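Chain naming here is simple, since letters A, B, ... match the order of the sequence lines and numbering starts at 1 in each. All of these numbers come straight from a predicted model, not from anything done at the bench.
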Amino acid sequence: MKKNTNLTEVEDKQNLKAKKFLVWLFIISSFMIFAGLTSGYIVYTAGSPDRGLKTILPQAFKYSTVIIILSSITMHLAYKAAKRLRFNQQMMYLAATIVLGILFMVVQFYAWQVLTRQGVYFVNYNASQSFIYVFTGFHMLHIFAGILMLVNSLTGALKRIPQVRNLFRLEVTSIFWHFIDILWIYLYVFLLLNQ
Amino acid sequence: MASTALHDTAVLHNHDHDHGHHKETFITKYIFSQDHKMIAKQFLITGIIMAVIAMILSVLFRLQLGWPDKNFPLLETFLGQWAEGGRIKPEFFLALVTIHGTMMVFFVLTAGLSGTFSNLLIPLQLGARDMASPFLNMLSYWLFFSACMVMMASFFTVTGPASAGWTVYPPLSALPKAIPGSGIGMTLWLVSMTLFIASSLIGALNYISTVLNMRTKGMDMWKMPLTIWAFFLTAIVGVLSFPVLVSAVVLLIFDRSFGTSFYLSDIVVAGQVLPNQGGSPILWQHLFWFLGHPEVYIVLMPALGITSEVIATNSRKPIFGYHAMVYSLIGITVLSFVVWGHHMFVTGMNPFLGGVFMITTLIIAVPSAVKTFNYLATLWRGNIRFTPAMLFAIGLVSFFISGGLTGIFLGNAALDINLHDTYFVVAHFHLVMGSASIFGMLCGVYHWFPKMFGRLMDEKLGYIHFWFTFIGAYLVFFPMHFMGLDGVPRRYYAFTEFEFMKEWLTVNTFITWAAIVSALAQVAFLWNFFYSIFYGKKASQNPWQSNTLEWTTPVERIHGNWPGEIPSVYRWPYDYSKPGHHEDFIPQTTPFSETMSSNLPHDFEGNAVAEKIQEDWVRNNPKVTTTENV
């Protein structure tokens with residue numbers, strides 16, 4: 001039995017490693033969606049001089065960029081706290097990340113309002129402008145999923161699940177959260193370059 | 001720390017060797033199973049049911065093409081308003097070809113093929129207890145199942161299923177007013193495809209992670225069977241291409257339901273000008289074919305992997321050019337992403353760009369040819385055992401050659417402009433991707449049936465099934481080349497209106513007869529398959545005397561695969577008929593120390609100590625015969 005427990009531990013570590021790897025693969029496939037959308041934008045816009053953004057991007061996107069970078073920092077602090085077994089700190093930083101995530105979504109919605117006031121609608125003869133909504137909308141879906149993962153990590157910490165599981169959840173969440181942070185920066189830079 | 005193991009059922013169940021103790025109900029064992037072998041069987045049986053349905057659809061539209069002026073009152077009995085007076089309506093004909101294509105490409109040859117054999121073989125041939133995430137694996141199957149249900153549901157709507165062809169090009173697919181099928185049927189198609197993409201993505205992620213992280217001791221990448229290489233690379237293609245279809249589908253949904261104009265511009269339907277302006281229907285084609293072409297290889301590569309394994313085992317010879325086989329798979333994987341433009345030569349594409357796509361397309365013929373020659377070289381002077389699986393594997397090679405050659409015709413932009421959308425294209429892809437992949441899948445079913453169900457399928461029925469299907473498929477698809485060369489277009493409802501097509505009516509009748517006969521031949525398979533599950537001959541542990549790891553598991557197919565420790569691997573999987581050994585196969589689990597009489601210097605991969613031991617042994621046993629070292 002002793003030997004078997006050792007064996008299971010080895011196999012189990014292998015399993016957690018494989019599961020963490022799944023997250024990286026998911027990120028690749030998720031990135032491919034955005035690569036497809038942005039390439040679609042390029043192909044579409046290149047088709048005619050009537051197409052293109054032809055508008056000034058709302059200032060709000062700058063604020064949301066700052067917010068999401070901040071949230072990445074709090075995410076990282078939460079992970080560091082968990083590694084040092086400071087669970088109260090961990091929960092505090094997780095809560096902060098969730099709040100920042102929600103704030104990000106609010107600012108993005110506000111940016112949509114600004115866009116419509118500028119006359120840039122989703123239903124548009126210049127589909128380049130519709131693409132702004134598709135990029136940000138799809139990204140917000142990811143933010144929403146990220147917030148669910150954060151809540152899951154937080155409830156895990158509240159329930160005092162074993163540290164290995166706690167760290168595993170946090171690691172998975174932080175990989176994903178940093179990804180959607182970088183993803184937003186990519187989208188924002190892409191839009192700025194096409195402005 | 002043992003508590004960390006508690007979440008993982010596969011590991012948990014192996015704490016002791018008593019397998020009667022865990023409480024498995026009917027639901028956890030057969031329905032919401034997380035065991036990779038059960039999930040594989042679920043994929044297979046769902047895939048077979050979908051294949052039968054898709055086949056019946058094809059026979060229905062073949063009836064229309066074979067006898068365009070005849071009435072079949074029976075059809076009205078079954079199809080009601082879609083075959084009023086016993087003749088299939090033009091709109092329903094389009095729905096039939098669309099759903100036949102969608103089901104075969106996605107449900108049968110993607111989910112049915114990859115889903116079945118990746119799930120079954122990746123853990124078994126690599127020496128893992130289960131997939132990286134058994135839960136996600138289960139989710140993958142149930143998403144696939146719901147996708148099938150949604151697609152089937154579209155047959156029960158008033159306006160009928162999607163009818164814009166399996167490539168659903170807008171504007172036809174984007175405008176509900178354009179044809180009846182673009183109404184609710186198209187919506188259901190999109191929902192079904194979204195579920196399906198989620199399913200196959202989850203599956204692919206699982207396969208890649210399992211292959212990279214969960215191989216047993218000694219199983220380095222270059223000791224993996226070619227099946228695993230094929231599944232692994234297929235999954236990579238899937239992860240990179242399916243998400244792009246998501247973006248395409250989402251934009252199409254916006255166009256259909258929200259009034260955007262991504263794909264729509266300058267359209268007049270029934271005298272009414274539509275408000276959509278400024279869209280580009282070519283955008284859809286770019287996004288769709290960026291998935292669509294890799295999808296062809298998603299369909300084909302698992303079949304190539306399966307046949308590599310079956311041909312080597314049944315030729316009793318090492319696969320010819322193992323490394324070349326792997327590199328050609330990698331070459332296909334990479335090239336499959338840069339050839340999509342050859343579907344779009346007639347879209348007004350810049351001729352220079354067309355030339356680029358033409359060159360990449362022709363280059364992809366090189367790795368494909370490498371594989372073909374390696375198959376033939378493996379068969380050459382082999383000790384061939386003509387099992388049904390082997391026959392289907394050889395059938396795949398045949399289709400791969402005859403269908404692949406016409407690919408070189410079609411890959412040339414100048415020729416494609418003439419042949420585009422004719423029956424020549426239909427003949428090409430039905431041979432090279434349709435028939436070849438289906439034969440790969442059937443080959444896998446015959447070969448690994450004992451691993452799935454612990455019983456053997458009947459060989460005689462297998463032979464009947466093979467010969468009728470093989471000859472039938474050629475009789476169906478070969479004449480289509482000539483129709484295509486004469487300019488007969490695909491997707492037409494009847495060839496009665498144009499003078500030059502009328503002479504092809506008799507050929508169409510002939511093709512329909514061939515299709516009916518080959519469809520009937522599948523009854524032999526279905527009977528054989530389902531009968532053998534319950535009453536087939538009991539299989540031994542290693543019925544094909546194969547080297548790979550799955551044949552070291554007990555016939556009872558237990559949870560966790562191996563009762564004790566997972567076996568270690570010492571050699572590559574293709575040591576068949578190795579000179580000096582007393583048997584014509586050496587399983588991967590046999591260490592070199594047990595096969596001193598057959599070891600070769602290069603077996604030790606430069607390990608000087610092992611080479612020295614071998615040299616000493618050879619010096620001390622100068623005239624060893626093959627039977628001494630048992």
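Contacts of residues 111-138 of chain A with chain B at a heavy-atom distance below 4.5 Å involve A/Phe122, A/Val123, A/Asn124, A/Tyr125, A/Ala127, A/Ser130, A/Phe131, A/Val134, A/Phe138, listed in sequence order. Using a 4.5 Å heavy-atom cut-off against chain B, no residue of residues 145-158 of chain A qualifies as contacting. The contact list for residues 172-184 of chain A toward chain B, using heavy atoms and a distance under 4.5 Å, is empty. For residues 59-70 of chain A, a heavy-atom distance under 4.5 Å to chain B picks out no residue at all.
In A/Ile56, the CD1 atom is not crowded: 12 or fewer heavy atoms of neighbouring residues, nucleotides or ligands sit closer than 6.0 Å. More than 12 heavy atoms of other residues, nucleotides or ligands sit less than 6.0 Å from atom NZ of A/Lys54. For NE2 of A/His76, the number of neighbouring non-hydrogen atoms (other residues, nucleotides, ligands) closer than 6.0 Å is 12 at most.
There is no contact between B/Phe242 and chain A, counting heavy-atom distances below 4.5 Å. The contact between B/Leu205 and chain A is made by backbone and side chain atoms together, counting heavy-atom distances below 4.5 Å. Heavy atoms closer than 4.5 Å to chain A are found nowhere in B/Ile202, neither backbone nor side chain. If you measure heavy-atom distances from B/Val246 to chain A, the contacts under 4.5 Å come from the side chain alone. In this structure, chain A has heavy atoms under 4.5 Å from both the backbone and the side chain of B/Leu240. Heavy-atom distances place no part of B/Leu264 under 4.5 Å from chain A, backbone and side chain included.
A distance of 10.0 Å separates NZ in A/Lys20 from CG in B/Asn213, rounded to the nearest 0.5 Å. Note: A/Tyr44 OH to B/Leu283 CG = 8.5 Å, rounded to the nearest 0.5 Å. Within the model, atoms CD1 of B/Ile208 and CG of A/Leu25 stand 5.0 Å from one another, a figure rounded to the nearest 0.5 Å. Considering CG of A/Leu37 and CZ of B/Phe262, their distance stands at 8.5 Å, rounded to 0.5 Å. To the nearest 0.5 angstrom, A/Phe21 atom CZ is 10.5 Å from B/Thr210 atom OG1.
Nearest heavy-atom pair across B/Leu287 and A/Gly36 is CD2-O, 3.5 Å. The heavy-atom pair separating A/Ile33 from B/Pro243 by the smallest distance is CG1-CB, 3.4 Å.
Put simply, the side chain of A/Lys19 does not reach to within 4.5 Å of the side chain of B/Phe135, judged on heavy atoms. In this structure the side chain of B/His286 never reaches within 4.5 angstrom of the side chain of A/Ser39, judged on heavy atoms.
Distance alone, capped at 3.5 Å, is enough to place a donor-acceptor pair between the B/Ser209 side chain and the A/Ala18 backbone.
Ranking B/Asn276, B/Asp255, B/Leu251 against chain A, the residue ahead of the rest is B/Leu251, based on heavy-atom pairs under 4.5 Å.
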